[in-house]
Amino acid sequence: MKKIIKNGTIVTATDTYQAELLIEDGKIAQIGTNLSAIGAEIVDAKGCLVFPGGIDPHTHLDMPFGGTITKDDFESGTIAAAFGGTTSIIDFCLTNKGEPLKDAIQTWHGKSKDKAVIDYGFHLMIGEINDKVLNELPQVINEEGITSFKVFMAYKNVLQADDETLFRTLVTAKEHGGLVMVHAENGDVIDYLTKKALEEGKTEPIYHALTRPQELEGEATGRAARLTGLANSQLYVVHVSCSDAVEQIAEARSKGFNVWGETCPQYLVLDQSYLEKPNFEGAKYVWSPPLREKWNQEVLWNALKNGTLQTFGSDQCSFDFKGQKELGRNDFTKIPNGGPIIEDRLTILFSEGVKKGRISLNQFVDLTSTRVAKLFGLFPKKGTIAIGADADLVIFDPNVERVISAETHHMAVDYNAFEGMKVTGEPVSVLVRGDYVIRDKQFVGKPGSGQYLKREKYSLNTPLNQNEKLSI
Ligand code: URP
Ligand code: ZN
Ligand code: ZN
């Protein structure tokens with residue numbers, strides 16, 4: 001059905017203006033004033049902002065991890081995402097050593113197909129590189145439209161890959177148009193520090209943070225960035241948490257390396273002291289990289305503002321406190337890493353960033369949607385308001401005040417990491433390809449209506465660094 005959105009303020013990554021939108025066949029058909037179309041439903045967005053649906057570049061739904069499985073699956077996770085103004089996600093497809101990549105991808109299609117209420121694509125997590133995996137990668141890129149690959153420099157003996165794997169993935173990505181993502185922490189040193197802490201009887205959640213100092217994130221980020229420069233490839237550093245990592249990304253970019261960075265809500269508004277909450281509550285705040293000392297928050301805000309970091313992901317990876325986080329009551333290394341964030345990503349950035357004058361409204365759209373679409377091969381179908389783009393839209397009330405709480409959230413978990421936080425702004429209605437998923441703050445979508453997104457190759461790979469240093 002056709003729709004005309006009237007009376008709203010359109011916001012894109014570059015512009016803010018008054019206009020009406022005509023939606024036809026799931027796409028934006030016209031932008032103008034006094035629009036009319038026979039049979040069109042008129043949607044009144046008075047007092048609201050209208051911006052492109054959020055694209056979350058970093059989610060883990062229905063994923064086995066840390067001896068358990070994430071609580072939110074593709075149904076509860078995407079419903080919660082929609083309530084928060086996200087209309088597409090890119091989820092991490094877990095691969096298992098020795099298993100063909102295509103089997104892992106089929107498993108992820110099975111988890112998502114009948115459940116997702118918004119559109120979704122996949123990244124692949126690469127645990128090993130051998131000739132079999134290398135041979136499969138071009139097919140994964142060209143046929144499955146999976147054009148980004150995460151390599152873990154941490155989680156020793158579980159997901160951690162060695163430098164050769166990282167380097168060969170960078171070289172292959174360069175050759176075939178992929179983007180390499182890294183979890184940048186020095187897993188070997190963390191392994192040593194955690195063993196030592198446990199030997200000394202240090203088992204509480206705070207030792208998760210104390211055994212993963214930010215120097216180790218900085219070291220791994222710098223190493224990955226240098227390897228990227230050497231391979232003249234492209235790198236996206238996920239969940240950047242601290243100044244040491246920001247400095248390494250800034251240095252790499254100043255040298256002309258194609259290095260991009262993402263941060264997440266928890267690192268902007270929570271800090272290391274949360275891990276010291278009594279009654280084991282600190283376990284709710286266990287992420288890797290860990291929450292940092294509070295002064296890092298200012299560094300991250302500046303990095304978002306000045307462009308050193310370009311995207312804002314949720315790293316949604318939710319576990320109940322009861323029965324899941326509790327697995328680590330006597331040993332912090334057994335606390336499943338991650339938290340429920342998919343729903344509050346946009347509101348936190350809007351409330352803490354735009355409302356408090358730290359970033360502009362247009363930067364907000366760029367960080368949560370447009371830049372993600374550009375880096376991950378979804379632009380201009382997704383990530384913008386333009387004629388011909390998918391009508392993935394958020395009608396957002398910028399003035400409503402509310403309190404984040406597990407009582408009212410839509411994620412399947414028994415706590416909210418931002419419990420009690422006062423925020424300003426909330427999506428009123430959310431449309432995916434022109435259809436309401438959220439209408440007047442009510443869920444009206446349908447599990448299985450989300451479409452799989454085959455993504456384009458990485459196309460920002462005109463090297464900043466014009467010198468082909470190596471022929472590999
Ligand atoms: O603690 C985290 N970040 N959990 C999710 C897995 C990952 O490393 O991204
Ligand atoms: Zn990670
Ligand atoms: Zn993650």
Side-chain angles (χ1 to χ4, degrees), residues 56-72 77 81 89-95 108 120-127 148-161 166 169 179-187 190-191 194 205 207-209 211-212 214 216-217 220-221 224 235-242 245 260-268 270 272 274-275 282-292 311-321 324-325 327-328 332-342 345 372 376 411 413 417:
D56 192 336
H58 191 154
T59 69
H60 304 275
L61 298 176
D62 200 358
M63 185 182 84
F65 193 52
T68 182
I69 182 153
T70 59
K71 189 72 194 301
D72 283 285
I89 58 168
I90 314 178
D91 196 77
F92 283 92
C93 167
L94 189 63
T95 64
W108 241 251
Y120 58 96
F122 303 145
H123 312 285
L124 265 198
M125 305 211 230
I126 299 285
S148 41
F149 310 100
K150 183 171 177 185
V151 176
F152 288 84
M153 299 170 85
Y155 302 126
K156 192 166 174 156
N157 301 324
V158 187
L159 293 167
Q160 188 174 325
L166 173 57
T169 308
L179 178 58
V180 178
M181 311 168 83
V182 272
H183 177 128
E185 288 185 289
N186 184 320
I190 289 168
D191 187 58
T194 49
Y207 291 104
H208 173 77
T211 54
R212 308 178 87 96
Q214 65 184 56
L216 299 183
E217 186 180 339
T221 304
L235 183 77
Y236 177 96
V237 186
V238 297
H239 47 45
V240 172
S241 75
C242 63
W260 312 93
E262 161 201 279
T263 191
C264 315
Q266 62 272 31
Y267 301 118
L268 292 180
L270 307 177
Q272 189 178 297
Y274 283 72
L275 283 109
K284 293 177 180 173
Y285 305 95
V286 165
W287 280 276
S288 293
L291 297 178
R292 302 299 187 184
T311 64
F312 195 60
S314 71
D315 197 4
Q316 162 77 18
C317 189
S318 62
F319 303 100
D320 270 339
F321 179 66
Q324 292 193 293
K325 288 281 183 180
L327 293 169
F332 69 88
T333 64
K334 297 199 164 58
I335 301 169
N337 291 195
I341 311 192
I342 202 165
R345 180 178 72 109
V372 180
F376 291 101
M411 295 174 283
V413 275

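Atoms within each ligand, like the ligands themselves, are counted from 1 in listed order. All figures in this text were calculated on a predicted structure; none of them were measured in a lab.
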**Study point:** Parallel, tilted or perpendicular: ring planes of Tyr120 versus Phe122, cut at 30 and 60 degrees
**Key:** tilted

Review point. Is there a side chain to side chain contact (heavy atoms under 4.5 Å, CB included) between Asp315 and Gln266 once you walk through the steps?
Key: CA-CA 9 Å; Asp315 197 4; Gln266 62 272 31; 4.3 Å; yes

Review point. N/O/S of Val238 less than 2.8 Å from the Zn ion (ligand 2)?
Key: no

Check your understanding: Which atoms of ligand 1 are found less than 4.0 Å from any heavy atom of Cys317?
Key -> 4 (N), 5 (C)

Exercise for review: Quick one: closest heavy-atom pair of Cys264 and Phe312, and the distance?
Suggested key: C-CE1, 3.6 Å

Practice item. Mind checking whether Gln266 contacts ligand 1 via backbone (N, CA, C, O), side chain (CB onward), both or neither, at a 4.0 Å heavy-atom cut-off? Key: neither

Practice item. With the Zn ion (ligand 3) at the centre, find the angle made by NE2 from His58 and NE2 from His60, to 10°. Key: 110°

Practice item. Could you tell me which non-hydrogen atom of Met63 sits nearest to which non-hydrogen atom of Leu94, and how far apart they are? Key: CG-CD2, 4.2 Å

Review point. Strictly under 4.0 Å, does any heavy atom of Tyr155 approach an atom of ligand 1?
Key: yes

Exercise for review: Taking the six-membered ring for Trp and the full ring for Phe, Tyr or His, determine whether the centres of Tyr155 and Phe65 are under 6.0 Å apart.
Suggested key: yes

Exercise for review: I would like to know whether Ile341 and Met411 meet side chain to side chain contact (heavy atoms under 4.5 Å, CB included); could you show each step before the answer?
Suggested key: CA-CA 9 Å; Ile341 311 192; Met411 295 174 283; 6.0 Å; no

Check your understanding: Identify the closest protein heavy atom to atom 6 (C) of ligand 1: which residue and atom is it, and at what distance?
Key -> His60 NE2, 3.6 Å

Revision key, fill the gap. At under 4.0 Å between heavy atoms, what of Asn337 touches ligand 1? The answer is both

Review point. Are side-chain heavy atoms of Phe152 and Glu185 found at a separation under 4.5 Å?
Key: no

Exercise for review: For the Zn ion (ligand 3), decide whether Cys317 has an N, O or S atom at a distance under 2.8 Å.
Suggested key: no

Point to revise | Under 4.0 Å to a heavy atom of Trp287 - the qualifying atoms of ligand 1, by number | key: 1 (O)

Study note, to complete from the structure: Within 4.0 Å of some non-hydrogen atom of Ser288, the atoms of ligand 1 are 1 (O), 2 (C), 3 (N)

Revision key, fill the gap. Counting from 1 in the order shown, the ligand 1 atoms closer than 4.0 Å to a non-hydrogen atom of Asp315 are 2 (C), 3 (N), 5 (C), 9 (O)

Point to revise | Atom indices of ligand 1 within 4.0 angstrom of His183 heavy atoms, with elements | key: 8 (O)

**Study point:** atom 9 (O) of ligand 1: nearest protein contact (heavy atom, Å)
**Key:** Lys150 NZ, 3.0 Å

Exercise for review: Quick one: pull up NE2 in His208 and CG in Leu291 and give me the separation to the nearest 0.5 Å.
Suggested key: 8.0 Å

Review point. Looking at His58, which atoms of ligand 1 are within less than 4.0 Å of one of its heavy atoms?
Key: 9 (O)

Review point. Are any of the side-chain heavy atoms of Asp72 and His60 separated by less than 4.5 Å?
Key: no

Exercise for review: State the atom name: nearest N, O or S atom of Asp315 to the Zn ion (ligand 3).
Suggested key: OD1

Check your understanding: Does a side chain donor of either Asp91 or Trp108 reach within less than 3.5 Å of an acceptor in the other side chain?
Key -> yes

Check your understanding: Given atoms ND1 of His183 and NE2 of His239, what angle do they subtend at the Zn ion (ligand 2), to the nearest 10 degrees?
Key -> 90°

